[in-house]
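Worksheet: one structure, shown below.
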Amino acid sequence: MSRQQTYETMNRRGGRRIVQHSGSIQLGWFKHVECTIRDISSGGARLALPYDTVLPEEFKLKSDLFRGTKLCITRWEYGGEIGVEFL
């Protein structure tokens, strides 16, 4: 079993795809924080953020991986990474 298959099997919601893609988190009308999307599924994503970035519980994520923006809620944080659920 490959590392990719093992990772997807461990994910209870399934279907996560490992990527390294840029994204932008909208924090207000004119304030954005750049991030890296590490993996993504239909229900959420894992994001890498600059050190000491403080996010609200809900925010909008924009990326070329999907059309428009996704409304997100933070589900977990560990170091410089967060897990988000798409609403």
Side-chain angles (χ1 to χ4, degrees):
M1 185 178 292
S2 73
R3 183 175 181 202
Q4 174 70 26
Q5 290 170 324
T6 302
Y7 183 74
E8 288 180 358
T9 302
M10 289 172 39
N11 181 347
R12 287 178 246 163
R13 294 189 182 189
R16 286 215 180 251
R17 182 172 49 122
I18 296 174
V19 296
Q20 289 291 318
H21 202 81
S22 62
S24 178
I25 297 171
Q26 183 178 347
L27 297 177
W29 285 101
F30 300 106
K31 186 169 181 183
H32 298 262
V33 172
E34 298 301 313
C35 67
T36 301
I37 301 171
R38 297 280 172 94
D39 64 44
I40 191 166
S41 71
S42 61
R46 179 171 52 113
L47 311 177
L49 302 167
Y51 183 73
D52 284 343
T53 301
V54 177
L55 297 176
E57 187 175 334
E58 288 186 13
F59 57 86
K60 291 181 182 177
L61 174 65
K62 184 175 182 177
S63 173
D64 292 339
L65 289 173
F66 43 81
R67 292 182 186 190
T69 60
K70 297 270 190 187
L71 183 58
C72 301
I73 186 168
T74 302
R75 288 297 181 194
W76 58 264
E77 296 180 40
Y78 185 76
E81 293 187 334
I82 65 167
V84 299
E85 180 181 355
F86 298 143
L87 299 177

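Values reported hereafter were calculated over all heavy atoms of this structure, with side chains retained and with hydrogens, waters and symmetry mates removed. Just so you know, these numbers come straight off a predicted model, no measurement behind them.
- The nearest pair of heavy atoms linking F86 to A45 is CZ-CB, 3.9 Å.
- Residue I73 is grouped with residue L71 when hydrophobic side chains (ILVMFWY) are merged at heavy-atom distances under 4.5 angstrom, including chains of intermediate members.
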With a 3.5 Å cut-off and sequence neighbours excluded, list the donor-acceptor pairs that the side chains of residues 50-60 form with protein atoms.
unit_1	atom_1	unit_2	atom_2	d
T53	OG1	P50	O	2.6

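- Partners of E77 by salt bridge (charged side-chain N to carboxylate O under 4.0 Å, His left out), not counting sequence neighbours: none found.
- Atom OG in S41 sits 9.5 Å away from atom CD in E85 (nearest 0.5 Å).
- Distance CD1/I18 to CZ/R46: 7.0 Å, rounded to 0.5 Å.
- The distance from atom CD1 of I40 to atom CZ of R17, rounded to the nearest 0.5 Å, is 6.5 Å.
- Rounding to the nearest 0.5 Å gives a distance of 9.5 Å between CG of L47 and CZ of R38.
- Taking CZ of F66 as the reference point, atom NE2 of H21 lies at 8.5 Å (rounded to 0.5 Å).
- For the pair L61/C35, a side-chain contact is recorded, criterion being any heavy-atom separation below 4.5 Å from C-beta on.
- Note that the CD atom of E34 and the NZ atom of K62 stand 10.5 Å from one another [nearest 0.5 Å].
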